[in-house]
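Accompanying notes for the structure given below.
Model, not experiment: these values are computed from the prediction. Just so you know, residue 1 is the first one in the sequence shown, and it goes up from there.
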Amino acid sequence: MKVVKVGILGLGTVGGGTVNVLQKNQQDIGRRTGCKIIVTRASARDVTRPRICSTDGIQLTTNPKEIINDPEIQIILELMGGEEPAKSLIIQSLKQGKHVVTANKALIANHGNELFEIAAENNVVLAYEAAIAGGIPIVKAMREGLSGNSIEWLSGIINGTGNFILTEMRDKGSAFADVLKEAQELGYAEADPEYDVEGIDAAHKLCILASLAFGIPLNFKKVYTEGISKITPLDVTYAEELGYRIKHLGVAKKTDVGVEMRVHLTLIPENRLIANVDGVMNAVLVKGNAVGPTLYYGPGAGADATGSAVVADIVDLCRQIDSPAEQRVPPLGFASNELKELPILLIEEVTTAFYLRLSVEDKPGVMAAITTILADNGISIEAVLQKELKQHGANTHVILLTDSVVEKSLLSALSEIESLSSINEPAIRIRVESLQ
Ligand code: HSE
């Protein structure tokens, strides 16, 4: 059996999970590849720290360069995360003719265009299945399984920590900080959990998915990003009364006027499968023009789940290690000279439906004034919910679901509504997607 030697940069949650998966499934992986995959070296900041995997037979070092410079190692796994030194180490590995597998979504989203070019120049592969949606093989599905389609849109729950927090808050009424701490202990959260909570991690993944979907160069700076921290239990309850769930979604859509790339809280009808994706689970809904809507579901974070995706890339590499570059699947699923820039829409130019919660004085004519302003701005109303007053003279909540509207028209209508004397607080607005 051919031996393929692997070196790991970073032996934390994902690195440890990868070693465990390789060990546990050694036989099947050998039968699938015809290769014996051996992890010979691994680097870690502190080699004395306890690990989640056995390190028997693995030479540990604090110096990643020793691994890159080992001529026997053919595949480098970059599982340390962060920008530097990860980026320089990947570049050095590629330039030394080594294939690289990474789970580093920030690096691919921000520097993937440059890194894929360096990989191509050196006739090696930079693989990144583990960077998006943990264990779900979404890169493979987009690049290969859906390659007969023109992708119209995709929509995903692509941050396990965020989904875990939203689910625990909804189901158990748990406090935000407690659930976040639990997610960190379970190894789901990023080193800086702001990345999860503020939607940056989801934006990294969405940026890559959009490029896979539409054949556009990676353009992370153009992803509109909102986090989950503004959600209130009140809106969760009102949304449920209207037949909706609130999820933190990444949406990429190709329209006649440009591409949308956005990450934000979203109301989705409760009867959609994706509305019921809870806990750390992720799901990506992809609409192809031939196949229609397809849904990919699985664990989005965690050691073994992410390790499963890393190992899938190693298996792919073992199969292609001796094949010519032109027989390999291009990194973003489109021939690199066919990647095309398309206009990316600003959020104000995006069209969606909206959930609006208005805090109003309960007096005659208020509702008429609100609906008149909406009508004057060409915004039609799909549903209205008015909550009964708990005590005389108090404010009441009016909840409206609008039809699709360009965001700037909605904003201009809202500023008129908020200037009414009977409106006491800024409106709460959450975008709504029908996902059909
Ligand atoms: N922090 C990420 C998440 C890890 O919670 O989804 C997987 O990318």
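One finds the CD1 atom of Ile29 at 10.0 Å from the NZ atom of Lys24 (value rounded to the nearest 0.5 Å). Atoms CG and NZ, from Leu267 and Lys247 in turn, are 12.0 Å apart once rounded to the nearest 0.5 Å. Between atom NE2 of residue His204 and atom CD1 of residue Ile158 there is a gap of 11.0 Å, rounded to the nearest 0.5 Å. Rounding to the nearest 0.5 Å gives a distance of 9.5 Å between CZ of Phe214 and NZ of Lys253. Of the inter-residue distances, the one linking Ile157 atom CD1 with Lys205 atom NZ reads 12.0 Å to the nearest 0.5 angstrom. Taken to the nearest 0.5 Å, the CG atom of Asn20 stands 12.5 Å off from the OG atom of Ser308.
Closest of all the heavy-atom pairs between Asn163 and Thr167 is O-OG1, 2.6 Å. Ile231 approaches Leu166 most closely through the heavy-atom pair CD1-CD2, 3.9 Å. Considering every non-hydrogen atom in both Asn276 and Glu270, the closest pair reads ND2-O, 3.2 Å. Residues Ala303 and Ile52 share a closest heavy-atom pair of CB-CD1, 3.7 Å. Nearest approach of Leu265 to His248, heavy atoms of both residues: N-CD2, 3.7 Å. Residue Asp278 comes nearest to Ala275 through the heavy atom pair OD1-O, 4.5 Å, listed as atom of the first residue, atom of the second, then distance.
For the pair Asn289 (side chain) and Ser150 (backbone), a donor-acceptor distance under 3.5 Å is present. Looking only at distances, a side-chain donor or acceptor of Glu129 sits under 3.5 Å from a matching main-chain atom of Val139. Ser43 contributes no side-chain N or O that, together with a main-chain N or O of Thr62, makes up a donor-acceptor pair within less than 3.5 Å. Looking at Glu338, its side chain never comes within 3.5 Å of a backbone N or O of Ala335 through a donor-acceptor pair. A donor-acceptor pair under 3.5 Å is absent between the side-chain atoms of Ser155 and the main chain of Trp153, judged by distance alone. Listed for the Ser359 side chain is no donor-acceptor partner under 3.5 Å among the backbone atoms of Asn424. Looking only at distances, a side-chain donor or acceptor of Asn104 sits under 3.5 Å from a matching main-chain atom of Gly82. A donor-acceptor pair under 3.5 Å is absent between the side-chain atoms of Asn377 and the main chain of Ile379, judged by distance alone. Judged by distance alone, the side chain of Asp70 and the main-chain N or O of Glu72 form a donor-acceptor pair under 3.5 Å. Between the Glu78 side chain and the Gly81 main chain, a donor and an acceptor come within less than 3.5 Å of each other.
The closest side-chain heavy-atom distance from Phe176 to Ile165 is below 4.5 Å. Residues Lys2 and Cys318 have side chains not in contact (no heavy-atom distance under 4.5 Å, counting atoms from C-beta outward). Thr352 is not listed as a side-chain neighbour of Thr266, based on a closest heavy-atom distance of 4.5 Å or more. The closest side-chain heavy-atom distance from Pro233 to Met169 is not below 4.5 Å. Between Glu341 and Val259, every side-chain heavy-atom pair lies at or beyond the 4.5 Å cut-off. Between Leu11 and Leu60, the closest side-chain pair of non-hydrogen atoms falls below 4.5 Å. Residues Leu234 and Arg357 form a side-chain contact, since some pair of their non-hydrogen atoms from C-beta on lies under 4.5 Å apart. No side-chain heavy atom of Lys87 sits under 4.5 Å from any side-chain heavy atom of Asn110.
The aromatic rings of His397 and Tyr238 sit perpendicular to each other, their planes meeting at more than 60°, with 30° as the lower class boundary.
With sequence neighbours left out, Phe116 forms a ring pair (Phe, Tyr, Trp, His ring centres under 6.0 Å) with Tyr128.
Taking the charged nitrogens against the carboxylate oxygens, Lys105 and Glu190 do have a contact shorter than 4.0 Å, which makes a salt bridge. A salt bridge links Glu240 with Arg245: the closest approach of a Lys/Arg side-chain nitrogen to an acidic carboxylate oxygen falls below 4.0 angstrom. Classification of Glu433 and Arg272 as a salt-bridged pair fails, no side-chain N sitting under 4.0 Å from a carboxylate O. A salt bridge links Glu407 with Arg429: at least one charged nitrogen is closer than 4.0 Å to a carboxylate oxygen. Asp28 has a carboxylate O that lies under 4.0 Å from a charged side-chain N of Arg31, or vice versa, which qualifies the two as a salt bridge. Salt bridge absent: Arg170 and Glu168 never bring a charged side-chain N and a carboxylate O closer than 4.0 Å. Between Lys172 and Asp178 there is no salt bridge, since none of the side-chain N atoms of the basic residue sits less than 4.0 Å from a carboxylate O of the acidic one. We find that Arg431 and Glu226 are joined by a salt bridge, their nearest charged nitrogen and carboxylate oxygen being less than 4.0 Å apart.
The closest side-chain donor-acceptor pair between Asn69 and Gln92, if any, does not fall under 3.5 angstrom. A donor-acceptor contact under 3.5 angstrom links the side chains of Thr61 and Glu66, judged on distance only.
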Quick one: do Leu242 and Leu401 satisfy side chain to side chain contact (heavy atoms under 4.5 Å, CB included)? Show the steps, please. CA-CA 9 Å; Leu242 289 160; Leu401 286 186; 4.1 Å; yes
Just do the side chain to side chain contact (heavy atoms under 4.5 Å, CB included) check on Asp201 and Thr161 with the steps written out, would you? CA-CA 10 Å; Asp201 177 74; Thr161 304; over 6 Å; no
Please evaluate residues Met142 and Val286 with respect to the criterion side chain to side chain contact (heavy atoms under 4.5 Å, CB included), reporting the C-alpha separation (whole Å), side-chain torsions for both, the decisive distance (0.1 Å), and the verdict. CA-CA 9 Å; Met142 304 273 306; Val286 187; 3.9 Å; yes
What do the steps show when you test Glu144 against Lys140 for salt bridge (Lys or Arg N to Asp or Glu O under 4.0 Å), and what is the final call? CA-CA 6 Å; Glu144 294 162 60; Lys140 212 169 229 320; 3.4 Å; yes
Dump the intermediate steps for side chain to side chain contact (heavy atoms under 4.5 Å, CB included) on Thr13 and Thr306, then the final yes or no. CA-CA 9 Å; Thr13 304; Thr306 315; over 6 Å; no
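Counting non-hydrogen atoms of other residues, nucleotides and ligands closer than 6.0 Å to CD of Glu121 gives a total above 12. The local environment of NZ in Lys230 is sparse, with at most 12 non-hydrogen atoms from other residues, nucleotides or ligands closer than 6.0 Å. Within a 6.0 Å radius of CG in Leu411, other residues, nucleotides and ligands contribute more than 12 heavy atoms. The neighbour count for Arg319 CZ, taken as heavy atoms of other residues, nucleotides or ligands under 6.0 Å away, is above 12.
Each of Ile68, Ile118, Val124, Ile90 was compared with Lys95 under the side-chain contact (heavy atoms from CB on, under 4.5 Å) criterion, and only Ile118 meets it. When Val100, Ile314, Asp313 are each tested for a side-chain contact (heavy atoms from CB on, under 4.5 Å) with Ile75, only one passes: Ile314.
For Tyr188 and Phe164, the ring centers sit closer than 6.0 Å to each other.
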